[in-house]
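Heads up, the thing below is written out as structure tokens.
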2 protein chains.
Amino acid sequence: MNDFIRLGHGSGGKLSHDLISAILLPAFANTILNEGHDAARFTIQGANLAFTTDSFVVKPLFFPGGDIGRLAVCGTVNDLAVSGAEPLYISASFVLETGFPLADLQKIVNSMAATAREAGVLIVTGDTKVVEKGAVDGIFINTAGLGRLITGVDIKPVNAAPGQDIIVSGSLGEHALAVMRERHGLKFPGEVISDCAPLNSLISELLVAVPQVAVMRDPTRGGLATTLNEIASQANVGILLEEELIPVNPTVCAICQIFGYDPLYLANEGKLILFVESSFSEKTLATLHRHPLGRGARKIGQVTAEHRGLVGLRTAIGGIRLLDMLADDQLPRIC
Amino acid sequence: MNDFIRLGHGSGGKLSHDLISAILLPAFANTILNEGHDAARFTIQGANLAFTTDSFVVKPLFFPGGDIGRLAVCGTVNDLAVSGAEPLYISASFVLETGFPLADLQKIVNSMAATAREAGVLIVTGDTKVVEKGAVDGIFINTAGLGRLITGVDIKPVNAAPGQDIIVSGSLGEHALAVMRERHGLKFPGEVISDCAPLNSLISELLVAVPQVAVMRDPTRGGLATTLNEIASQANVGILLEEELIPVNPTVCAICQIFGYDPLYLANEGKLILFVESSFSEKTLATLHRHPLGRGARKIGQVTAEHRGLVGLRTAIGGIRLLDMLADDQLPRIC
């Protein structure tokens, strides 16, 4: 490990994992933290709860399909939902730079409130800090969230097992490219809009129809490839994806080819990856397709007993390409 | 209100209140948030819970008596404890600047872990974001916390009522001055060490001995005067303090005279203010005095039926000075 923080430490990929394993986990170690979920899970006075946090530093603050406020609510709602919890209460903490326009703060706060209503959660506590000009880039927001674990559901990465199919709820890479486009004022050959959305209603409908879902994650920083690497490693299983089945919209494909990005490593903010026994795949897909956020759901691969800990991609021409974790940061500050 | 954020919006004083009432409360309004506690309180599946959050931007990161990591754990533990909850679980979210030394991060994380052990809480979930050089001043930390409300205890600002005494657990102003001294490399005529400490063991011993305690707060940003103004306004009672009874150590007094600060407006990070029926004052003080963090506890004033909504200070020479909320920020970035 280097002696100084670099951008890759925040990529959600390999360097982030190194930082977490070298510094954070050894210091804070406890059985709840060590489970390695998107949300911590524990019981207080008989209530089964999930608890999570995320800080948001996206640049620019407003982008096609969302803004830092919508992102801050969705990110925490989704971390709770993919852990098998019904999101209930959210905290909101702001760090503001002197000179930040109150009109922008009002827009961001309104967007958080609207997204919280959309997701059916309450923002119940908060904090506001102000720092001098130059000490923060405009506004950073932290949200933490608390949810009630849904009874009878046991979603966790180590549930991944051979015989399961891997399903994604829609096309990949739109959030990261929408933010990048806005940041750099790029002209793209078509529209790219962030998929930023609260996934809890999609997930709760799914879990009613198919409580057998074994693993759920939202492929944010590091994208699909990094998220699947984490699961393959945590559950010690192999994963084989079919490139032809992975949904990527043509504009995203074209932009990735021009800029050299790989959509499998780009962040999404309104997509779900799930693992389910293949006998339940059809029912899972049918349920997802009935929801506006799951219309583009596709089976993209399967869990294997071979090549444990590894993620492979069968390419269009028939070879198998090994997908490693994101090594460094290709697009910083997208969330 | 001005059109741009200024430092005073983060002071914890009058401008902070204006910002919260003008922008945040109207957008997020709900019965839990509107209660205006340090922590939100609600019930999930029969469990009575408290939930709070704080972001920490203190400068410098290390100061006599503490560091940003210790502060981040104490701040959230104390917000839960003064709401009548037993703190249980904490989240930790980091925003790091490229180039931040890993050795400093390690020290901060170790300090958080040690403080969590001291307070008996677990750090169970977290997040790490990295931004480019210049987008954040080194490191900001957010903690959110969850606690179990102690049965039979009902602590809230609106409980303040005439006939109650006001007690403070020790001397005021040390945290803010310790940070300022370190920031500016000042030479003081004596030692000033931050009082930064987790108050939950002091508070739990107190609530066992004196469950009648009506109101508790920790006088952080804005200091004693601002905190008491909030309570006077929320409960619509008058408050009369006796200047001669308020504990301020002689070094803090001397520094305040030199720099023109008022110790009643300086932030503390390990002090408790409480309101209790005067018949329980002696027992309260005796209990506090038995705990290392309550040795300096003193009765400093009382709640009155007159001058509702106002805080008065009977000065050493016998006049009454009106203590308003902190108007602007005298010492930014002390937490």
Side-chain angles (χ1 to χ4, degrees), chain A residues 1 3-7 9-10 16 19-20 23-24 27-28 30 32-33 39-40 42 44-47 49 51-55 57 88-89 91 93 95-102 105-106 109-110 113 122-132 135-137 140 142 144 146 148 332-333, chain B residues 1 3-7 9-10 16 19-20 23-24 27-28 30 32-33 39-40 42 44-47 49 51-55 57 88-89 91 93 95-102 105-106 109-110 113 122-132 135-137 140 142 144 146 148 332-333:
Chain A
M1 186 176 291
D3 293 322
F4 298 95
I5 288 289
R6 41 190 276 209
L7 278 178
H9 284 120
S16 296
L19 180 69
I20 292 167
I23 293 190
L24 300 170
F28 298 153
N30 57 69
I32 298 170
L33 181 68
F42 45 75
I44 300 180
Q45 287 185 312
L49 304 169
F51 179 37
T52 192
T53 188
D54 260 320
S55 288
V57 299
L88 297 173
Y89 299 112
S91 66
S93 183
V95 179
L96 295 157
E97 185 181 21
T98 307
F100 190 75
L102 287 182
L105 180 61
Q106 182 75 67
V109 164
N110 288 349
L122 295 178
I123 297 173
V124 292
T125 189
D127 182 44
T128 309
K129 293 288 185 329
V130 177
V131 295
E132 72 278 14
V136 74
D137 188 4
F140 292 168
N142 175 280
L146 192 64
R148 187 185 61 80
R333 295 188 66 185
Chain B
M1 183 177 290
D3 292 322
F4 298 95
I5 288 289
R6 39 191 276 209
L7 277 178
H9 285 121
S16 296
L19 181 69
I20 291 167
I23 294 190
L24 299 170
F28 298 152
N30 59 68
I32 299 169
L33 180 68
F42 46 74
I44 300 179
Q45 287 185 314
L49 303 170
F51 179 38
T52 192
T53 188
D54 261 321
S55 288
V57 299
L88 297 172
Y89 300 112
S91 66
S93 182
V95 179
L96 296 157
E97 185 181 23
T98 307
F100 190 76
L102 287 181
L105 180 62
Q106 182 75 65
V109 164
N110 288 349
L122 295 178
I123 296 173
V124 292
T125 188
D127 182 45
T128 309
K129 293 287 183 332
V130 177
V131 296
E132 71 278 14
V136 73
D137 188 5
F140 292 167
N142 176 281
L146 192 65
R148 186 185 62 80
R333 297 189 63 183

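Chain letters run A, B, ... following the sequence lines, proteins first, then strands; residues in each count from 1. The structure presented is a predicted model; accordingly, all values stated were derived computationally and were not measured.
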Between B:Val124 and chain A, which part of the residue has a heavy atom less than 4.5 Å away: side chain, backbone, both or neither? both

Under a 4.5 Å cutoff for heavy-atom pairs, which residue among A:Ala144, A:Ala135, A:Gly126 has the most contacts with chain B? A:Ala135

Okay, A:Asp54 and chain B: the region with an atom under 4.5 Å from a heavy atom over there is both

If you tally heavy-atom pairs under 4.5 Å against chain A, which of B:Thr98, B:Thr53, B:Leu49, B:Leu96 wins? B:Thr53

Mark yes or no for whether A:Thr125, through its side chain, and A:Ser91, through its backbone, hold a donor-acceptor pair below 3.5 Å. no

With chain B as the partner, which of A:Ala39, A:Gly10, A:Ser55, A:Pro101 has the greatest number of non-hydrogen pairs under 4.5 Å? A:Ser55

Chain B shares the most heavy-atom pairs under 4.5 Å, among A:Arg333, A:Lys129, A:Arg148, with A:Lys129

Would you name the heavy atoms of A:Ala27 and B:Ala113 that are closest together and state the gap between them? O-CB, 3.3 Å

Checking A:Asn30 side chain against A:Phe28 main chain: does a donor-acceptor pair fall under 3.5 Å? yes

Could you go through B:Val95 and A:Val95, starting from their C-alpha distance and side-chain angles, then the distance that decides it, and tell me whether this counts as side chain to side chain contact (heavy atoms under 4.5 Å, CB included)? CA-CA 11 Å; B:Val95 179; A:Val95 179; over 6 Å; no

Least distance between heavy atoms, B:Glu97 atom then B:Glu132 atom: CG-O, 4.1 Å

For side chain to side chain contact (heavy atoms under 4.5 Å, CB included), just list the numbers for A:Asn142 and B:Phe140, CA-CA rounded to whole Å, side-chain angles, deciding distance to a tenth of an Å, and then say yes or no. CA-CA 11 Å; A:Asn142 175 280; B:Phe140 292 167; over 6 Å; no

Classify the ring geometry between A:Phe51 and A:Phe42 as parallel (under 30°), tilted (30 to 60°) or perpendicular (over 60°). perpendicular

Interface check, chain A: of B:Pro332, B:Gly46, B:Ser16, B:Ala40, most non-hydrogen pairs under 4.5 Å belong to B:Ala40

If you count heavy-atom pairs under 4.5 Å with chain B, which of A:Leu24, A:Ile32, A:Val109 comes out on top? A:Val109

In terms of heavy-atom pairs under 4.5 Å, which option from B:Thr128, B:Asp137, B:Ile123 contacts chain A the most? B:Ile123

Note, B:Val130 side chain near A:Leu19 side chain (heavy atom, < 4.5 Å): no

Measuring heavy-atom distances to chain B, does A:Val131 have an atom under 4.5 Å in its side chain, in its backbone, in both, or in neither? both

Using non-hydrogen atoms and a 4.5 Å limit, figure out which bit of B:Phe100 sits close to chain A: side chain, backbone, both or neither. both

